[in-house]
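Starting from 1, each residue takes its place in the sequence as its number. Whatever order the structure lists ligands and atoms in, that order sets their numbers, starting from 1.
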Amino acid sequence: MTSLDLHKRRTAAVARGVSSVISSYVDHASGGTLVDVDGQEWVDFASGIAVTSVGNSAPRVVAAVREQVERFTHTCFMVAPYELYVSVCETLNAVTPGELEKRSALFNSGAEAVENAVKIARHATGRPAVVVFDHAYHGRTNLTMALTAKNMPYKHRFGPFAGSVYRVPMSYPLRDGLSGAAAAARALDIVATQIGADNVAAILIEPIQGEGGFVVPAPGFLPTLATWAREAGAVFIADEIQTGFCRTGSWFASSHESVVPDLITLAKGIAGGLPLAAVTGRADLMDAVHVGGLGGTYGGNPVACAAALASVETMRELDLAGAARRIEASMVGRLRALADRDPRIAEVRGRGAMIAVEITVPGTLEPDPLTTAGVSAECHRRGLLTLTCGTYGNVLRFLPPLVIDDETLSRGLGILESAFEATA
Ligand code: PLZ
């Protein structure tokens, strides 16, 4: 069966609303490459959107999943509990920032984790308002669509949306030129005047924005917001679904600025590709919810839990935070040199193995989504799997698996350079 055959079957069977970045179908994949059903190899700079940090079919994950799938596949933790769920919660409480008493609860998807973090914050504070930011992405369910900024393709004609969600400006150094403190003051002034501090249940923010364009806030922005939340009795929620689990060169991106979130949402990199998500945070907040108030049929599925424990072990053993920092060093070096030659690149930014280039009309800050899509398509033609992002679709982002070897990483960067040259 070729990709072309599969495309025909797909068109007749799969809803049009579910799209794919490339038109090739995957046959198998490892720690840095995918091979499609037509036999072409792709260098993987996507990791299934920052998921397979330990690589595809990582040996420890495969072994743990195999063993668990033979033992039992599902009992529902709310019906008949099992050790793996408890072990994952213990692990999350230990690896997340802050030496404080924590609790965790497990879910299936990132959006579900975000929904639950907001439920917990509202329940614990007795307040309604949730503060979110320009360019934010938090999911596609009804509440998380309301929390997400961008209309197309996430929200268009899917409303009405959940209420008591307030959007304030993000710190976006390339575009606002503000210090972290000044950008935080701008955001908090709106909170004070349009919401009122006493009504705020939570400030919810990605420490580095993902879908919104790999926007790294100016230093001081996150700590100022976290301090404000503490003083206002509001919950500071870090959405580390895309940034977590060594992706940015640290176990969690909040740590780059020594921020200890009250609650943290987790998914993606947590379980080597198996669906698992979590909320981890301050015990007093997590335990404020009445018995039976949190849950779901599949949350903390035992096979996904086994995969999570094996993934975290792999991250520790292979020092994948260190690997992400090494990826950053090679990527940023080559990309900065490319930016010096190519005036379409307005900025190279990101941390660890979460790096992007923002593309604008040369000499201006006018976003250039057409060029961005063109370069990305050229990468695909040459066998490099890249993704775009950004409110204006003008950011080309790179999320290689953290286990990618130097040769494959270098080959991917070479393809990227040639794609820029071919489209100049
Ligand atoms: N919060 C920060 O990055 C998922 C979504 C891709 P789910 N990002 C990729 C798409 O087009 O749907 C994400 C995220 C952050 C929440 C989520 C939502 O996680 O597992 O996709 O629900």
Could you tell me whether some N/O pair between E112 and ligand 1 is separated by less than 3.5 angstrom?
no
Mind checking whether L276 and F107 have side chains closer than 4.5 Å, heavy atoms only?
no
Using a strict 4.0 Å cut-off to heavy atoms of I49, name the atoms of ligand 1 that fall inside it.
6 (C), 9 (C)
V395 and V357, any side-chain heavy atoms less than 4.5 Å apart:
no
Between E112 and T141, is any side-chain donor less than 3.5 angstrom from a side-chain acceptor?
no
Among protein heavy atoms, which sits nearest to atom 1 (N) of ligand 1, and what does the distance come to when rounded to 0.1 Å?
D239 OD2, 2.7 Å
Does the pair S376 and T388 meet the rule for a side chain to side chain donor-acceptor pair (under 3.5 Å), with working shown?
CA-CA 7 Å; S376 199; T388 60; 5.6 Å; no
shortest atom 22 (O) of ligand 1-to-protein heavy-atom contact is with A111 N, 2.8 Å
Can you check which of G244, A238, G110, G210 brings a heavy atom nearest to atom 7 (P) of ligand 1?
G110
Would you say ligand 1 has an N or O under 3.5 Å from any N or O of Y154?
no
Nearest-neighbour protein heavy atom for atom 3 (O) of ligand 1, which is reported as residue plus atom name and distance
Q242 NE2, 2.8 Å
Minimum side-chain heavy-atom gap R411-E41 below 4.5 Å
yes
Is the distance between the ring centroids of Y154 and Y137 under 6.0 Å?
yes
Which protein non-hydrogen atom lies closest to atom 17 (C) of ligand 1, naming both residue and atom, and how far is it?
Y137 CE2, 3.7 Å
Looking at V279, V88, N116, which hits side-chain contact (heavy atoms from CB on, under 4.5 Å) with L106?
V88
For atom OH of Y298, is the number of surrounding heavy atoms from other residues, nucleotides or ligands below 6.0 Å larger than 12?
no
For ligand 1, which is the ligand I care about here, please tell me if K268 has any N or O atom under 3.5 Å from one of the ligand's N or O atoms.
yes
What part of E211, side chain from CB on, backbone N/CA/C/O, both or neither, has a heavy atom under 4.0 Å from ligand 1?
side chain
Can you list the atoms of ligand 1 that are under 4.0 Å from a heavy atom of E206?
2 (C)
Which of the numbered atoms in ligand 1 are under 4.0 angstrom from any heavy atom belonging to R140?
10 (C), 11 (O), 12 (O)
